[in-house]
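Remarks on the structure that follows.
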Amino acid sequence: MTRNAASVVVLDFETTGLSPDQGDRAIEIGAVRIEEGRVTERFQSLMNPGRRISGFIESYTGITNKMLARAPSCKEVMHDFAGFIGGYDLVAHNASFDKRFLDAELQRIRCDYRGEFACSMLVARRLYPDAPNHKLETLVRLNRIEVNGDFHRALSDAEMTANLWLSMLAKINKQFRSRSIPFGVMQKLAKTPKASVETYLGGVLKP
DNA sequence: TGCCAGGCCCTCTTTAGGGCCTT
């Protein structure tokens with residue numbers, strides 16, 4: 001069975017910093033499940049990392065130490081989230097960042113997942129090479145995607161990343177007259193040299 | 001107290017350096 005790029009879980013973490021290897025932890029997870037191009041389920045939870053977060057992270061995310069003091073533990077939330085992921089493939093904006101935190105948090109509770117990651121940022125760099133930059137907010141505004149909620153909160157960012165992802169799939173489908181795109185094609189597209197993008201997609205997507 | 005990462009990608013490249021993205 002070829003997995004479809006339009007049936008995935010799109011996720012976003014807010015964290016205490018940039019590197020789980022340096023001891024940083026997740027403080028919020030937001031995710032949407034897309035099936036056949038439609039959002040069918042949402043998941044959102046704060047999680048208590050067991051320590052205070054910096055003033056920078058409080059102002060960057062709007063998540064406060066007070067909010068986290070009342071939140072369930074990372075262990076509890078990540079266990080539920082592993083169930084939400086199920087066997088779906090995963091998408092995130094700058095996926096290498098979210099993958100590191102997903103792997104680190106699931107390893108702590110001895111949990112695993114089967115799906116593979118694709119990166120909306122790497123795909124966007126190929127589809128919109130002339131965009132001013134490839135930050136999530138810029139790409140959302142460029143594509144006139146509805147902004148629902150605050151940037152830098154997990155569920156809002158996951159929802160907007162999901163809409164960006166669907167918008168990129170629609171752009172490819174329109175240009176190459178394809179009906180669906182295998183997940184593996186999006187993974188390979190993210191690593192295709194910019195000059196070869198049209199040749200690659202034209203060769204692999206037959207109408 | 002102070003400081004911290006990593007993968008991708010471009011170029012004045014490959015015996016390297018630095019910007020972009022994510023928090």
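Below, chains carry the letters A, B, ... as their sequence lines are ordered, and counting in each starts from 1. Basis for what follows: all heavy atoms, side chains included, without hydrogens, waters or symmetry-related copies. The structure displayed is predicted, hence computed values, not measured ones.
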Of all heavy-atom pairs between D98(A) and A92(A), which one has the smallest distance, and what is that distance?
-> OD2-CB, 3.6 Å
Test item: E105(A) side-chain N/O and A26(A) main-chain N/O as donor-acceptor pair under 3.5 Å | yes
Report yes or no: does R126(A) contribute a side-chain atom to a donor-acceptor pair with the main-chain N or O of P193(A) at less than 3.5 Å?
-> no
What distance, rounded to whole Å, do you find between the two P atoms, one in dT15(B) and one in dG19(B)?
-> 22 Å
Do any of residues 188-204 of chain A sit with a heavy atom less than 4.0 Å from DNA chain B, and if so which?
-> A190(A), K191(A), K194(A)
Output side-chain donor-acceptor pairs under 3.5 Å for residues 136-145 of chain A, partner residues at least two apart or in another chain, one line each.
{"unit_1": "E137(A)", "atom_1": "OE2", "unit_2": "R141(A)", "atom_2": "NE", "d": "3.3"}
{"unit_1": "E137(A)", "atom_1": "OE2", "unit_2": "R141(A)", "atom_2": "NH2", "d": "2.8"}
{"unit_1": "T138(A)", "atom_1": "OG1", "unit_2": "N133(A)", "atom_2": "OD1", "d": "2.7"}
{"unit_1": "N143(A)", "atom_1": "OD1", "unit_2": "Y128(A)", "atom_2": "OH", "d": "3.1"}
{"unit_1": "N143(A)", "atom_1": "OD1", "unit_2": "S167(A)", "atom_2": "OG", "d": "3.2"}
{"unit_1": "N143(A)", "atom_1": "ND2", "unit_2": "L139(A)", "atom_2": "O", "d": "3.0"}

Check the hydrophobic clustering (I, L, V, M, F, W, Y; side-chain heavy atoms under 4.5 Å; chains of links allowed) and say if I34(A) and L164(A) are grouped together.
-> yes
Could you list where the contact with chain A starts and ends along DNA chain B, reading 5' to 3', using a 4.0 Å heavy-atom cut-off?
-> dC4(B) to dT23(B)
Check: I57(A) main-chain N/O paired with S54(A) side-chain donor or acceptor under 3.5 Å = yes
Contacting residues from residues 92-113 of chain A, given that a heavy atom lies under 4.0 angstrom of DNA chain B = H93(A), N94(A), F97(A), R100(A)
What's in the same ILVMFWY side-chain cluster as F43(A), cut-off under 4.5 Å, chained through other members?
-> V9(A), L11(A), F13(A), L18(A), I29(A), M47(A), V77(A), M78(A), F81(A), F84(A), I85(A), Y88(A), L90(A), F97(A), F101(A), L102(A), L106(A), I109(A), Y113(A), F117(A)
Contacts of D150(A) that satisfy salt bridge (charged side-chain N to carboxylate O under 4.0 Å, His left out) - sequence neighbours left out = none
Where along residues 19-32 of chain A does a heavy atom come under 4.0 Å from DNA chain B, residue by residue in number order?
-> S19(A), D21(A), Q22(A)
Please determine which of V39(A), N163(A), T40(A) meets the side chain to side chain contact (heavy atoms under 4.5 Å, CB included) test together with V32(A).
-> V39(A)
How far does the C1' atom of dT1(B) sit from the matching atom of dC20(B), given to the nearest Å?
-> 30 Å
Salt bridge (charged side-chain N to carboxylate O under 4.0 Å, His left out) partners of residues 54-71 of chain A, not counting sequence neighbours, each pair once = none
Is L166(A) reachable from M186(A) through a run of hydrophobic residues whose side-chain heavy atoms are each under 4.5 Å from the next?
-> yes
Side chain to side chain contact (heavy atoms under 4.5 Å, CB included) with D103(A): of K99(A), R100(A), Q107(A), only one passes, and it is K99(A)
Starting from the C-alpha separation in whole Å, work towards a yes-or-no answer on side-chain contact (heavy atoms from CB on, under 4.5 Å) for I181(A) and L201(A).
-> CA-CA 10 Å; I181(A) 306 168; L201(A) 288 175; 5.8 Å; no
5' precedence on DNA chain B between T15(A) and R126(A) (nearest-nucleotide basis) = R126(A)
Determine the interatomic distance between C1' on dC9(B) and the same-named atom on dC4(B); round to the nearest Å.
-> 23 Å
Atom CZ of R51(A): over 12 foreign heavy atoms under 6.0 Å | yes
For DNA chain B, determine which residues of residues 139-155 of chain A have any heavy atom closer than 4.0 angstrom to one of its atoms, and list them numerically.
-> H152(A)
Which value, in whole Å, describes the distance between the C1' atoms of nucleotides dT23(B) and dC3(B)?
-> 16 Å
Tell me, which pairs form a salt bridge (charged side-chain N to carboxylate O under 4.0 Å, His left out) where one or both residues lie in residues 151-165 of chain A, sequence neighbours left out?
-> E28(A)-R153(A), R42(A)-E159(A)
Can you tell me, in whole Å, how much space there is between the C1' of dG2(B) and that of dG7(B)?
-> 26 Å
Span that lies between the C1' atom of dG18(B) and that of dT14(B), in whole angstrom = 16 Å
With sequence neighbours excluded, what pairs up with E116(A) under the salt bridge (charged side-chain N to carboxylate O under 4.0 Å, His left out) test?
-> R3(A)
For residues 49-70 of chain A, which residues have at least one heavy atom under 4.0 Å from DNA chain B?
-> F56(A), I57(A), Y60(A), T61(A)
Could you walk me through whether R25(A) and R108(A) pass the side-chain contact (heavy atoms from CB on, under 4.5 Å) test, one step at a time?
-> CA-CA 11 Å; R25(A) 299 294 306 271; R108(A) 283 172 176 270; 3.1 Å; yes
If Ile, Leu, Val, Met, Phe, Trp and Tyr residues are connected whenever their side-chain heavy atoms lie under 4.5 Å apart, and connections chain through other members, are F151(A) and V10(A) in the same group?
-> yes
